[in-house]
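So you know, we letter chains A, B, ... as the sequences are listed, proteins then strands, and number each from 1.
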Amino acid sequence: MLIYNSQSKKKELFIPLEENVVRIYVCGPTVYDDAHLGHARSALAFDLLRRVFKAEGYRVIFVKNFTDIDDKIINKMKETGRSLESITDEFIQSYKNDMHALGIEDADIEPKATKNLDNIIHYIETLIKKDFAYVIDDGVYFDVSRDEKYFSLSHREVADEQTQSRVESNSQKRDPKDFALWKIYHDNSLTFDSPWGKGRPGWHIECSAMIKHHLSVADKAYQIDIHGGGADLLFPHHENEACQSRCESGHELARYWMHNGFVQIDGTKMSKSLGNSFFLKDALKVYNGEVLRFYLLSSHYRANFNFNEEDLIASQKRLDKLYRLKKRLGTEKISAVNKTFKKEILESLNDDLNISSALATLDIMIASSNEHLDANPKDKAYKYEVNANLDFIKALLGIGTMDAFTYFQLGIPAKEIAKIEALIEKRDSAKKEKNYALSDEIRDTLLRQNIKIMDTPSGTQWERGE
RNA sequence: GGCGACAUAGCCAAGUGGCUAAGGCAGGAGCCUGCAAAGCUCUGAUCCCCGGUUCAAAUCCGGGUGUCGCCUCCA
């Protein structure tokens, strides 16, 4: 497996810390609002990574946190009068529901900041004891000058004056780049006890503390194999995490750093402040989860992804072909997956998740299967193998999980289905009587309702249109 | 202002030194069909521009132009 490491800016051969085991930590959402398409893309990228490792026979320990202490959550508490837990529970559940709709399973471990306060405080104490952090009036800060490898992850040169001036700085901080490990609050907002006074943990510290507690291996040069997240987290979040962790433990945090690209709308980054963000739950009202999954998954995870409906429809049509093949197999019996097919798909994905290349192989398999079945419609052994191929894809990519007839009837209420099928019966009898004028008229009527008719040797079938 | 990424057919998108530049959507032609749909076959690119390196470059180097991102919470 080759993985593009943001730290070296190169593809590197993946070598696990422990044989046959992969430890992956991904920065999850701050749970103050519903998930948007960007969360989905990030989650899908690492879901694919997880599936590929599993297909290669690794035991995967996949950890994704929920940041449940944050100023935005505190603000929401003030606005609504609700408790922290009621807000974060709601959005954790909402996040999970949306991800499940996309075929993304829960992480193996899902730590939360509120459940790791002791770990966080202990971690900060160690950093102070080792003289990497210092206490001033408004909190505990990390002394960046004590880490000569600071900037080695994000490759930033020494920050220029402009950058420094942009950092909101406490005059007592030794360096504007120093970042908060613990923030002390004297107001009535939500706070937690600490040796330095009531307050809240800084953002970066939770990941370092939770990785150490939940995922790290001891006595290796690195604590975990892979650390992932959105490209916007590279600096300062991941740089700070890496810095804290190497200083606290003497070991580097992660051997490989992976960063996914953004979802863009009309060529600009989707973000709340720009007012162009798209909630996943709203998208899921319009598009089936698997269709959305396939679309968001279909281009490389590091590239930016320009979301638009036209491309989504094109992507759905591509998925339709997989389901049409599934439909025409007419059996669920399975033999062994085609070895060449499996090998080619895995080779593509093993190259830093080259999904485009993998999907090209899938499309070629679909076309050649159709070709073979056109010539040999009754070749059962062949059908079993194609079934096995589709089953392999289902586990690896999470597509083709539905019954084919269900797939083509998505979004059509049962009442409509009965009406459609009644019309099709009527058309069938008209056809038998060679009353083509009537049968074509019925077909046109259905087409106007976005229902496509197809006459096949095994009877008339229908599908929803776009 | 500093740093970085990207630029491949109408659209989406692989390929990063060497046979005919993957695959999908859209379009065109054909086979099939009562006619369609579906499926299959055929069909489209001097790889942003200008220089350079090389026997050979979409692929490496330099310079442009353009788009986007990070530097502030962010997936």
Side-chain angles (χ1 to χ4, degrees), chain A residues 6 9 11 26-30 32-33 35-46 67 70-72 151 154-168 203 228-237 239 259-264 267-273 277 295 298-306 308 310-321 324-325 327-328 348 351 354-364 366-375 431 434-437 439-440 443-444 446-447 451-456 460-463 465:
Chain A
S6 306
K9 300 187 186 183
K11 283 186 197 174
V26 176
C27 286
T30 302
Y32 68 103
D33 209 344
H36 55 66
L37 291 173
H39 291 107
R41 178 153 160 84
S42 179
L44 281 166
F46 294 105
T67 296
D70 178 273
D71 288 350
K72 291 187 287 294
F151 290 132
S154 63
H155 302 291
R156 234 149 261 277
E157 300 305 314
V158 175
D160 60 27
E161 281 175 29
Q162 180 133 7
T163 300
Q164 292 184 17
S165 71
R166 289 180 69 169
V167 177
E168 214 175 297
W203 175 35
D232 47 356
L233 298 181
L234 181 59
F235 188 87
H237 185 53
E239 187 72 62
H259 293 94
N260 63 275
F262 298 115
V263 174
Q264 306 186 318
T268 58
K269 179 180 171 181
M270 196 182 76
S271 84
K272 283 224 159 144
S273 49
S277 71
Y295 174 51
S298 63
S299 78
H300 190 83
Y301 75 94
R302 276 190 283 122
N304 285 338
F305 190 100
N306 199 16
N308 69 80
E310 243 176 275
D311 293 345
L312 193 155
I313 298 291
S315 168
Q316 184 185 59
K317 287 181 177 172
R318 197 177 187 181
L319 185 59
D320 286 353
K321 293 175 78 158
R324 276 195 203 102
L325 174 61
K327 192 165 69 172
R328 85 182 279 195
S348 295
D351 182 9
N354 189 338
I355 188 73
S356 296
S357 172
L359 292 179
T361 303
L362 173 61
D363 284 325
I364 289 165
I366 291 172
S368 65
S369 297
N370 277 318
E371 191 184 359
H372 184 94
L373 291 169
D374 282 351
K431 265 184 67 184
K434 297 204 189 299
N435 185 352
Y436 294 124
S439 71
D440 289 355
R443 184 169 64 197
D444 288 345
L446 286 166
L447 201 56
I451 300 298
K452 286 196 292 194
I453 293 280
M454 34 202 59
D455 295 324
T456 78
T460 307
Q461 297 188 349
W462 65 273
E463 297 178 358

Expressed in angstrom and rounded to an integer, what is the separation of [X] atom [atom1] from [N] atom [atom2]?
X: A:N260; N: B:rC70; atom1: CG; atom2: C1'; answer: 14 Å
X: A:I364; N: B:rU41; atom1: CD1; atom2: P; answer: 11 Å
X: A:D232; N: B:rC71; atom1: CG; atom2: P; answer: 7 Å
X: A:H237; N: B:rG69; atom1: NE2; atom2: C1'; answer: 18 Å
X: A:H155; N: B:rA5; atom1: NE2; atom2: P; answer: 10 Å
X: A:F262; N: B:rC6; atom1: CZ; atom2: C1'; answer: 14 Å
X: A:L359; N: B:rC25; atom1: CG; atom2: P; answer: 12 Å
X: A:L233; N: B:rA5; atom1: CG; atom2: C1'; answer: 17 Å

What is the base-pairing partner of [N], counting Watson-Crick and G-U wobble geometry with both distances under 3.5 Å?
N: B:rU53; result: none
N: B:rC47; result: none
N: B:rC3; result: B:rG69
N: B:rC40; result: B:rG30
N: B:rA21; result: none

Residue met sooner reading RNA chain B from 5', once A:P29 and A:I313 are mapped to nucleotides: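 The residue mapped nearer the 5' terminus is A:I313.
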
Upstream residue (5' side of RNA chain B) when A:T361 and A:Q264 are each assigned their closest nucleotide: A:T361

Closest to the A:T30 side chain, choosing from B:rG4, B:rA75, B:rG23: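 Output: B:rA75.
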
Out of B:rA75, B:rC25, B:rG69, whichever nucleotide has its closest atom nearest the side chain of A:A314: B:rC25

For the residue pair [X] and [Y], establish whether any side-chain heavy-atom pair is separated by less than 4.5 Å.
X: A:D320; Y: A:K327; result: no
X: A:D363; Y: A:K321; result: no
X: A:L44; Y: A:N260; result: no
X: A:R41; Y: A:S299; result: yes
X: A:D232; Y: A:K269; result: yes

Base versus backbone protein contacts along nucleotides 10-21 of chain B [heavy-atom cut-off under 4.0 Å; B, S, -]: -SSSSS------

Per-nucleotide protein contact string for nucleotides 30-40 of chain B, where B marks a base within reach and S marks sugar-phosphate only (heavy atoms under 4.0 Å, - for neither): ----BBBBSSS

Gap in Å between the two [atom1] atoms, one belonging to [N] and one to [M], rounded:
N: B:rC19; M: B:rG62; atom1: C1'; value: 30 Å
N: B:rG23; M: B:rU8; atom1: C1'; value: 14 Å
N: B:rU67; M: B:rC60; atom1: P; value: 23 Å
N: B:rC70; M: B:rU16; atom1: C1'; value: 25 Å
N: B:rG18; M: B:rC3; atom1: C1'; value: 36 Å
N: B:rA21; M: B:rC35; atom1: P; value: 38 Å
N: B:rA22; M: B:rA38; atom1: C1'; value: 25 Å
N: B:rC49; M: B:rC31; atom1: P; value: 40 Å

So what does [X] hit on the nucleic acid, given a heavy-atom distance under 4.0 Å: a base, only sugar-phosphate, or nothing?
X: A:G38; answer: base
X: A:K269; answer: base
X: A:T268; answer: sugar-phosphate
X: A:V26; answer: nothing
X: A:L362; answer: nothing

Parallel, tilted or perpendicular: rings of A:F235 and A:F151 (30°, 60°): parallel

CG on A:L319 to CG on A:L362, rounded to 0.5 Å: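 Result: 9.5 Å between the selected atoms.
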
Non-hydrogen atoms of A:Q264 and A:N306 that approach each other most closely: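 Nearest pair, atom of A:Q264 first, then A:N306: O-OD1, 3.0 Å.
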
A:G230 to A:S42 - nearest heavy-atom pair and separation: N-OG, 4.4 Å

Under-4.0 Å salt bridge between A:K11 and A:D351: yes

Any donor-acceptor N or O pair under 3.5 Å, side chains A:R324, A:N370: no

Residues A:S6 and A:H259: side-chain donor-acceptor under 3.5 angstrom: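 Looking only at side-chain atoms, A:H259 and A:S6 do form a donor-acceptor pair, the distance falling under 3.5 Å.
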
